[in-house]
Asks: 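First the structure, then my questions, so here it is.
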There are 2 protein chains.
Amino acid sequence: MGRRATIREVAELAGVSVATVSRVINGAAVAPETAARVGEAVAVLGYRPNGVGRSLKTASSRLIGVLIPSLANPVFAEAVDGIAEGVDGSGYSLLFGASDYRRDRERAGIEALLRYRVDGLVLTVADAAASEVLDLIEAVEVPYVLVYNPAGDHRRPTVTVDNRAAGRAVAERLIGLGHRRLGMIAGRLADSDRARARHAGFAAAAAEAGLPAPTLREVPFTAPGLEPVLAEIFAAPAPPTALFCSNDMLAIAAVAALGALGRAVPDDVSVVGFDGIAIGTLVHPSLATVVQPSRELGRTAAQQLLGRLSGEGAAASVILPHVLRHGKSVGPAAKHSPTASPASNLPAHSLVTRTSTP
Amino acid sequence: MGRRATIREVAELAGVSVATVSRVINGAAVAPETAARVGEAVAVLGYRPNGVGRSLKTASSRLIGVLIPSLANPVFAEAVDGIAEGVDGSGYSLLFGASDYRRDRERAGIEALLRYRVDGLVLTVADAAASEVLDLIEAVEVPYVLVYNPAGDHRRPTVTVDNRAAGRAVAERLIGLGHRRLGMIAGRLADSDRARARHAGFAAAAAEAGLPAPTLREVPFTAPGLEPVLAEIFAAPAPPTALFCSNDMLAIAAVAALGALGRAVPDDVSVVGFDGIAIGTLVHPSLATVVQPSRELGRTAAQQLLGRLSGEGAAASVILPHVLRHGKSVGPAAKHSPTASPASNLPAHSLVTRTSTP
DNA sequence: TTGAAAGCGCTAACAC
DNA sequence: GTGTTAGCGCTTTCAA
């Protein structure tokens with residue numbers, strides 16, 4: 001890295017003090033003529049203010065730390081894009097870290113971000129209610145806003161959808177289509193409060209409808225083969241006729257695995273995902289899912305944090321509306337029931353269900 | 001942000017000098033007993049070294065800047081994930097910026113990264129050969145490695161696939177299937193050296209086969225409706241029977257738009273994309289495309305940069321292998337009759353046709 | 001093995 | 001409106 005001009009050199013060339021140069025740079029009151037001289041010196045030297053020196057003096061890095069599980073899942077990539085959008089023009093930059101869904105890397109990532117003295121954080125953690133990482137962040141008093149993590153008793157500021165209500169809505173829709181035996185596959189629930197909330201709502205609706213508790217199978221996040229898992233599920237005496245997957249990536253993989261096992265979706269099994277990533281509308285059959293406004297979630301989280309940083313009091317939790325997308329991966333359960341019915345082709349479900357906004 | 005313990009406070013509590021604390025932190029030689037005392041003080045105070053102070057003193061931020069067009073395209077999200085992977089364990093963190101495919105934002109993003117005194121950069125620019133941004137980076141002598149931008153006369157270090165050869169391979173495959181009238185749609189070629197290289201190879205192969213120059217249509221990156229563009233293309237007297245799209249997102253959108261226009265893929269038109277994003281294998285019909293090893297591209301770029309930063313001499317360009325994926329979106333041209341285009345009143349001369357690349 | 005001291009580049013009182 | 005000056009937290013000679 002080549003030597004860079006310092007504020008001091010600019011001052012000398014312009015024949016003023018460093019304080020004056022600083023004022024010009026930061027837009028403070030300076031005589032027009034002086035400002036012009038300084039501006040010229042800046043141009044001549046190719047001077048670029050050193051943010052490190054500035055940060056040290058002002059005790060503000062103008063950095064926002066972002067920590068998410070992985071950019072490989074579009075739902076997070078979109079949120080980060082939203083965060084970048086929300087931060088744009090504010091003078092803040094994003095320091096990025098990925099946890100790869102692992103708690104130890106979550107911790108390591110935060111440590112790294114903290115070392116750079118980020119002014120604030122936007123992050124998705126494994127479990128907001130019991131997070132060592134969040135305890136740490138609170139201990140050092142760095143403002144933060146969660147994304148995706150469900151709001152709850154933890155009272156931690158988060159921007160998310162109502163995961164529980166969404167899980168419930170999925171079950172209700174499935175039940176409305178005649179499904180009586182429901183199943184769910186999810187990442188490790190212990191590692192995802194989101195999946196837990198979705199499952200809770202799903203199971204609650206099933207219970208209220210007087211149905212047996214949905215079969216639940218947990219699969220590692222980076223599970224390669226879903227086939228054995230699904231084979232096992234469908235080897236049971238009374239296998240589910242509808243499967244709720246805790247996220248779209250899982251759902252899409254499940255549809256593929258089901259196909260490999262000779263089970264048609266939605267004729268043999270209905271599948272519903274969660275997230276609403278763009279792929280879902282393009283796969284075949286199109287994926288029924290709960291759509292989260294990912295980009296908006298990220299943007300809102302960033303804005304909440306920015307507000308907090310500019311002293312507008314504590315950031316509050318925000319629940320954004322989710323939408324049930326009625327893709328072709330779900331169908332009626334009629335043909336699976338003892339009372340055989342020829343209703344194989346229902347009209348396309350183009351209705352969109354919207355939750356209320358808080 | 002709460003007050004944080006400084007090295008000075010640690011020194012006082014441990015009854016040593018700040019220099020000694022610094023040595024302990026950085027693993028320099030210190031008497032075991034002294035180190036223990038310091039370690040205890042660090043624990044008691046919850047001390048975390050301030051990277052800003054460190055950066056200012058050492059003139060090394062331990063930051064790597066990343067600038068890509070957008071995280072909304074999985075091809076970039078994956079590369080960034082790869083960069084994060086490649087940087088992992090090196091002690092460097094990633095400062096992130098998105099240009100949204102716009103040159104002005106490219107410039108602004110770099111300015112921001114430079115202000116933080118990043119030690120190096122990994123980025124994708126609009127045009128590596130004529131990039132104001134790269135000139136700037138070179139002027140300030142910050143080491144950098146490009147990703148995705150084609151290698152070329154510019155002699156700038158890049159990690160990419162052979163875009164030209166890949167474009168050529170696509171044309172050859174299409175020609176081998178009997179297609180004689182080829183078309184290509186791409187983002188603005190002036191804003192993408194990648195698309196230009198792909199087009200160059202594609203057009204060259206067509207020329208060598210004695211075919212007319214492929215119809216070329218440029219569409220804005222964030223174009224909403226592809227339908228009018230495609231409608232126009234197929235209103236021509238002898239429309240293409242195969243369409244090469246400069247990236248997968250475009251290709252997937254094109255297949256959808258074609259469907260809306262009543263043209264079946266691949267029966268009426270063959271479509272080939274570029275990138276190899278995961279979605280491609282899941283859409284219907286599955287997308288034929290050129291697969292780039294995105295994650296590996298990112299990881300390799302990061303490693304190249306890291307090598308450069310640790311003084312291993314200049315980073316060299318690396319060409320990673322691409323793979324032609326034979327999706328169901330391409331088929332033989334046999335069934336297309338030369339005059340089988342629906343009537344339309346759109347003038348054929350509104351098509352843009354190019355034979356060579358700048 | 002340890003300490004004292006000099007800054008890295010910048011901003012913000014405080015003077016004039 | 002402008003200059004002087006004292007650090008922000010840290011690393012690193014240079015002595016001891």
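In this text, all values refer to a predicted model and were calculated from it rather than measured experimentally. Throughout, protein chains are lettered first and strands after them, A, B, ... in sequence-line order, and every chain is numbered starting at 1.
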Asks: From the list D:dG3, C:dT2, D:dG7, which nucleotide is the closest neighbour of the side chain of B:V30?
Replies: C:dT2
Asks: For D:dG9, does the base pair up with any side-chain atom of A:R117 as donor and acceptor (N or O, under 3.5 Å, distance only)?
Replies: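 No such pair is found, so the answer is no.
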Asks: OP1 or OP2 of D:dT2 versus the side-chain N and O atoms of A:T34: is any pair under 4.0 Å?
Replies: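 For D:dT2, OP1 or OP2 has a side-chain N or O of A:T34 closer than 4.0 Å.
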Asks: Check the distance between D:dG3's C1' and A:R37's CZ and give it to me in whole angstrom.
Replies: 13 Å
Asks: So if I take every side-chain heavy atom of B:K57 and compare against D:dG9, C:dC10, C:dG3, which nucleotide ends up nearest?
Replies: D:dG9
Asks: Quick check for you: among D:dC10, D:dT2, C:dA12, whose closest atom lies nearest to any side-chain atom of B:R54?
Replies: D:dC10
Asks: B:A31 has a side chain; which of C:dC10, D:dG3, C:dT2 sits nearest to it?
Replies: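 Of C:dC10, D:dG3, C:dT2, C:dT2 is nearest to the side chain of B:A31.
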Asks: Please check the phosphate of C:dC8 (OP1 and OP2 only) for any side-chain N or O of A:N50 closer than 4.0 Å.
Replies: no
Asks: Let me know the distance between CZ of B:R115 and C1' of C:dC10, rounded to the nearest Å.
Replies: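 Going from CZ in B:R115 over to C1' in C:dC10 covers 14 Å.
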Asks: Check whether any side-chain N or O of B:Y47 sits under 4.0 Å from OP1 or OP2 of D:dC10, and answer yes or no.
Replies: yes
Asks: Using a cut-off of less than 4.0 Å, is there contact between a side-chain N or O of B:T20 and OP1 or OP2 of C:dT2?
Replies: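 So the side-chain polar atoms of B:T20 never come under 4.0 Å of the phosphate oxygens OP1 or OP2 of C:dT2.
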Asks: Please confirm whether any donor atom in the side chain of B:R4 sits under 3.5 Å from an acceptor in the base of D:dG9, or the reverse.
Replies: no
Asks: Take the protein atom CG of A:L56 and the nucleotide atom P of C:dT11, then report the distance between them rounded to whole Å.
Replies: 11 Å
Asks: Kindly point out which of C:dC10, D:dT12, C:dT1 is positioned nearest to the side chain of B:A29?
Replies: C:dT1
Asks: C:dT2 C1' sits how many Å from B:I7 CD1, rounded?
Replies: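 So the CD1-C1' distance, B:I7 to C:dT2, works out to 14 Å.
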Asks: Can you figure out which of C:dT11, D:dG3, D:dT11 approaches the side chain of A:S22 most closely?
Replies: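 Minimum distance to the A:S22 side chain belongs to C:dT11.
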Asks: State which of D:dG3, C:dT11, C:dG3 makes the closest approach to the side chain of A:V16.
Replies: D:dG3
Asks: Check every atom of D:dG3, C:dT11, D:dT12 against the side chain of A:S17 and return the nucleotide holding the closest atom.
Replies: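 The closest nucleotide is D:dG3.
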Asks: Do other residues, nucleotides or ligands put more than 12 heavy atoms under 6.0 Å from B:D153 CG?
Replies: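 At most 12 heavy atoms, drawn from other residues, nucleotides or ligands, come within 6.0 Å of this atom.
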Asks: With the side chain of A:R23 defined as its heavy atoms from C-beta on, choose the nearest nucleotide among D:dT2, D:dG9, C:dA5.
Replies: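 Between D:dT2, D:dG9, C:dA5, the one nearest the side chain of A:R23 would be D:dT2.
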